[in-house]
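Contents: one structure, followed by commentary.
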Amino acid sequence: MLSRWGFGEELGVFGKQLQFAGEYKRTKAGKRDIFCKLKEYMSQTEQPFLKRYNKLNAQQKRAVDTIYGPVMVIAGPGTGKTEVLAMRIANLLRSETQVKPYEILCLTFTDEATVAMRRRLLQIIGEDAHRVHIYTFHAFCNNVIQNNPEYFGLRELMPISDLERMDLLYNIIETLPEGHALRRLKGDIYYDAKNLRALFDLMKSEDWSAPYVSGAIDIYLESLPEREKYIYKKANSKKNIKAGDPKTEDIRKEAERMERTRAAALLLPEYQARMQEMGRYDFSDMILWVIKAFKEHPEFLLMNQEKFQFLLVDEFQDTSGAQNELLTLLSDYWEDPNIFIVGDDDQSIFEFQGARLQNIIDFYERYQKTIEVIVLKENYRSSQAILDRSAATISSNQQRLIYQLDALNLDKNIVAANDRFREESIIPAPVVASYFNVLHEEADIVSQIEILQQTGVPLQHVAILYAQHKQAANIIAMLEKKSIPYWVKKPVNVLDLPIIRQILNIFEYLYQEHQQAFSGEELLFQLLHAPFFQVSTLDIATLSLYLQEKERKHKYWRYLLQDTLLLETFGLINPKPLYKLGQCLEKWIGEMSSLTLPMLMENILYDSGIIGHLLKGNNQVWDMQVVHTFFDFVKDECDKRPRLSIRMLLEMIEKMEKEGIAISIQKVVKQENGVRFYTAFSAKGHEFEHVFVVGLTKNFWEKKSGNNRGFSLPDTLTRESQSEEDGRGAEEVARRLFYVAMTRAKKHLHISFSEKDNKHKDLEPSMFIDEISKDDERVKRAMDNEHLMTHLSVSFMPDPPVKIELAKAELIDKRLEQFAVSVSALNKYLDCPLSFYYEYILRVPAAKSDSLAFGTAVHYALEQLFKKMIKDEDKEFFDKDELLKTFYFAMKREEGAFTELQFGRRIELGKQILGEYYDEYIDSFNKHVVAEYNISNVSLGNVPIKGKLDKLEFEGKNCVVIDYKTGSPEYSSRNQLIGPTEANPDGGDYWRQMVFYKILLQNHPPARDWTMTAGIFDFIEKNKKGEFVRYTVPIDENSVGVVKAQIKDVYERIMNKEFDTGCGKEDCTWCNFVKTYELVKPTITEDVELLKG
DNA sequence: TAGCGGTGAGTTTTT
DNA sequence: CTCACCGCTA
């Protein structure tokens, strides 16, 4: 019978099954009938199984056939891990034990893997595949929670969404008590939200309680003075330090950091409690709760242990501590649990998520007596040449199972076993290529892709792998321009796209105007430029200049847009869109209270002309998809909260942006037949005919050991191996990542690096390059100029300067008639002429930032302190209380620039720093002073100049000028204080400011007798060490000459209207404004340096 | 060789 | 905001 069906003798498990069939035949009559039924069964379910089974190699068969007891399969890349897993499930179902599909639990880490496994299983066993429990760890636990409310509280529980969680964290931060280590008084008050989330996640995935962390910190801090890192090894006579003394300053800093961490960790219970109040739980809870329930209710655990008799785990090397604990619980009932794990220690790259090699070792040791260890070594993916190179690098790792479990004598020498690679002559050898610079590298990769395309290679078989997304940006842009299809996994966040930004600006404007009329003027100015409104930029400039005239009829844009009669009088190029816009805005503002948000949004989309504009454009499909995605988001949120207001929406989006929560859109970027782009991380589990691993330089592939989580953790938290994890560990993880990347390739592997980046800075090739190739085996590639030029012309080079069209010359001239140079105008012009144009020529309405308004209030309070003293008969300062009251009064005037929370915290900050400042200096202040000195109507040659000095302190005829600075001294870079250097030929802004004051005083007749000897920047806030800081700028005649020349030069350039070109700096507000509203097409500059081969 | 001060840059990803 | 790195100094 065996031979009739063509089975070999060594069929293993089949023996029993067939024997069983044989008995059946003997005991029942009608053997023909049975035979037919069996044959039928075979053809339906057995045939595909057997066909596949026959293709397995000996180790794979052993893995499939070993049904009982613990099995550990170590499966290198391309060794058929998924197939073995699926085949084993199939085999369980068809074995004599009559395992039911629902008794099998197969756990994976990603949804993607679940889908892949289910699909594979469907091919092998058909419909039964749907009855096998295949889940991610989290989905499994979530099901357990949802299906057993009696163990998890009867309330309705839902997984928390990203947004809800963020709200919760914000809420916790808002209600921190005064003096709490995480309470921030200025800047981004919610800065720690992200860090808290990360910390809580970590604590929960490791099952660390708050007291446990706090205790670990105590132990850590106590141990600091004994650690080498915190002991001076060398004496320093100047500071009276002996070798062996503790580094007290470093210890103090570390202790401060730890107190922050402790304060954060102690918030975990509150976070948990509040989440529970909301009826929500997070990802970590899913696993932790199930573990807890299993531990507390033995009968519940038992029920589940019996339910799932056979456990299978994919990618076991990625299990975290909690997941591992769950597995242990589920399998604990049996002495020899039927647990089957598959993994590869060499592909363990998720250590930062808590995955530890140790878990595999623990697993082995737990079941040491009966465990079956199988190593899959036959690789069906790659050519031997590729495998050899991969082995060359991974063999440098020490933390590998073959060393850790050396008693087993594991052999992981992976061998190419795919028949297609028999004929070695046709297999291309892996290429290691070096390029002159990144530009050459990118251009060459693109041209190689083109060649592949021309030779008929389906592009979905080509992959570009890199360590970080940004390494692919230029190549992607290039393909885009050349219309070569590509496929990127990285989702696009619609919130980053200009069209959505513009729509959001409309919302923001409407909201601000609704709150308080004319408070949104700044935004309105920007909105006027939106392409869909079709307003001429020249007309905007004309009107900007009109709004500055003394005899203007309107002060505000919003009024001006309503005044159709007036608009007719300017001789505008195209006034129509202006009053159409004016009408739209009024209509929308009116509709804010009567319409739901989605309805209002719909009106805006159509009234404004956005839809019409997009439909006329080149990318209508994509653009409409973007708008729809955003619209759907607004609708969804409105469904959740029917009373959603614009304010709530804007707040929500602001938080989302800050916390990196995206409204993502992927479809359009995925072109089925396109070149694949992956980070090495996400390429795991995929394979490609042609693989290009690019940018193999140290800075990208060998990450520095920065554990850059917001809160630093004491190393006493984890029991051991800390030293390993630091230096060597990081290197080994990086090497595994590279190993994963290399082993994605089937036939053609191309590894490349560049010697210089595009800024002409030297790059260091990764050490892995040396591990896989000798110097003379590498190809040096240079691209010809023609290729480079095309690449240059389409790639995103360092930002080119932006140029715009200026307002009409005669209008600008009119404005310039009244222009006088102030130090801030001078600094602004030197920094970015375009910004100068918007801020000083068009005088765009500007909202005050919170830090600016705070500065104003502090200045005012200090000014009053001195002014009152001067007026006082006894020349006494008023008391501290009065100072703080004055400050509060000034803050009240500025209240509009703050949010409610910001206002409160800023008051707190101001009272603190002003109080300290008062105490520090009140007894030593120089009382021969002038507080606030205004100078105007002064000219330097023919250049009108003006300025306002905070304070002058006199010693006889000599004076020093004091300038108050709010904000931390740490952030005022000290090189702002020095004059021209090679790196900064214009000199620092602070330096220029003081020299400018000197020039002002020299040319101001009432001050003729005074001699300014120096300028002092007086910081109101203490620095981090708790010291008050005053920076002195000495003034010499040479500096005066330099700045005078600067003033004259800049004035001349301004008079010549040389402000149509921006600085192009990435964080420049106005350059970005011009880009967001597409006011200019970037000009392409050719950087000759880059072309040298 | 340690320490100081200034400078520049700034992941990867899953549920 | 924090850390790594560089160059200088004792």
Side-chain angles (χ1 to χ4, degrees), chain A residues 107-114 135-142 159-162 165 184 186-188 191-192 194-195 197-198 201 204-205 228-239 241 243 245 247 249-250 253-254 256-257 260 281-288 315 318-320 322-323 349-355 465-471 489-491 660 678-685 698-712 730 733-734 736-738 740-741 757 759 761 764 968 970-978 981 983-984 1024 1066-1067:
Chain A
L107 293 171
T108 66
F109 286 86
T110 64
D111 288 321
E112 205 185 350
T114 319
Y135 291 114
T136 62
F137 274 91
H138 290 91
F140 168 72
C141 290
N142 198 28
I160 194 166
S161 75
D162 282 351
R165 168 146 70 168
R184 282 166 194 260
K186 61 172 179 177
D188 181 3
Y191 178 83
D192 284 312
K194 244 190 211 138
N195 300 333
R197 192 187 59 190
D201 271 348
K204 287 165 81 168
S205 70
E228 284 209 3
K229 208 178 144 194
Y230 294 94
I231 294 172
Y232 284 105
K233 284 180 192 134
K234 212 187 158 187
N236 183 335
S237 53
K238 231 185 189 179
K239 292 193 163 186
I241 285 165
D245 283 355
K247 297 181 186 174
E249 179 60 14
D250 283 3
K253 270 192 196 151
E254 185 69 359
E256 210 168 81
R257 269 197 291 270
R260 271 174 50 76
Y281 57 102
D282 68 12
F283 283 115
S284 322
D285 286 326
M286 292 180 194
I287 294 177
L288 285 184
E315 306 274 16
D318 291 339
T319 39
S320 69
Q323 288 162 335
I349 51 178
F350 288 104
E351 272 182 352
F352 61 90
Q353 282 167 33
L465 306 184
Y466 38 89
Q468 290 175 31
H469 287 295
K470 61 180 164 207
Q471 291 180 277
K489 207 185 163 197
K490 190 190 175 191
Y678 284 101
T679 59
F681 280 97
S682 52
K684 204 172 156 204
K698 267 210 161 64
N699 53 335
F700 284 115
W701 288 83
E702 293 162 41
K703 37 214 87 180
K704 314 121 204 180
S705 59
N707 239 2
N708 228 354
R709 253 167 311 191
F711 298 110
S712 32
V733 175
R736 278 181 229 141
L737 188 65
F738 179 53
V740 167
D757 70 8
K759 285 176 189 150
K761 226 173 75 184
E764 205 178 333
S968 313
E970 275 82 4
Y971 300 122
S972 312
S973 175
R974 251 195 228 190
N975 56 8
Q976 291 297 339
L977 294 167
I978 52 176
T981 57
N984 185 8
K1024 283 192 114 180
E1066 235 166 79
D1067 56 350

**OP:** Return yes if a side-chain donor-acceptor contact under 3.5 Å exists between A:Tyr135 and A:Asp111, otherwise no.
**Re:** no
**OP:** For A:Thr114 and A:Thr108, test the side chains for any donor-to-acceptor distance below 3.5 angstrom and give the result as yes or no.
**Re:** yes
Between [X] ([atom1]) and [N] ([atom2]), how many Å, whole number?
| X | N | atom1 | atom2 | result |
| --- | --- | --- | --- | --- |
| A:Asp201 | B:dT15 | CG | P | 14 Å |
| A:Asn699 | C:dC3 | CG | C1' | 16 Å |
| A:Glu764 | C:dC5 | CD | C1' | 13 Å |
| A:Ile349 | B:dT11 | CD1 | P | 18 Å |
| A:Leu737 | B:dT12 | CG | P | 11 Å |
| A:Asn142 | B:dT15 | CG | P | 13 Å |
| A:Glu112 | B:dT14 | CD | P | 8 Å |
| A:Lys194 | C:dT2 | NZ | C1' | 15 Å |

Original post:
Below 4.5 Å, heavy atoms only, C-beta onward: do A:Phe681 and A:Leu737 meet side chain to side chain?
Top reply: yes
Subject >> C1' atoms of B:dT13 and C:dC3, separation to the nearest Å >> reply: 23 Å
In terms of side-chain heavy atoms of [X], which of [options] is nearest?
| X | options | answer |
| --- | --- | --- |
| A:Thr110 | B:dT13, B:dT15, B:dT11 | B:dT15 |
| A:His469 | B:dT12, B:dT15, B:dT11 | B:dT12 |
| A:Ser682 | B:dT13, B:dT15, B:dG10 | B:dT13 |
| A:Arg257 | B:dT12, B:dT15, C:dC3 | C:dC3 |

Original post:
Taking all atoms of both residues into account, what is the closest heavy-atom pair of A:Asp282 and A:Arg165, and its distance?
Top reply: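 Nearest heavy atoms, A:Asp282 then A:Arg165: OD2-NH1, 3.7 Å.
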**OP:** Check whether any side-chain N or O of A:Thr679 sits under 4.0 Å from OP1 or OP2 of B:dT13, and answer yes or no.
**Re:**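 Checking B:dT13 against A:Thr679, a side-chain N or O does come within under 4.0 Å of OP1 or OP2.
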Subject >> Side-chain N,O (A:Arg736) to OP1/OP2 (B:dT12) below 4.0 Å >> reply: no
Original post:
Using the rule for Phe, Tyr, His and the six-membered ring of Trp, do A:Phe681 and B:dT12 stack at under 5.5 Å and under 30°?
Top reply: no
**OP:** Just call it for A:Asp111: base, sugar-phosphate, or nothing, with non-hydrogen atoms closer than 4.0 Å on any strand.
**Re:**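 Touches sugar-phosphate only.
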**OP:** Please state whether the rings of A:Phe738 and A:Trp701 are parallel, tilted or perpendicular, taking 30° and 60° as the class boundaries.
**Re:**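 Rings of A:Phe738 and A:Trp701: perpendicular, over 60°.
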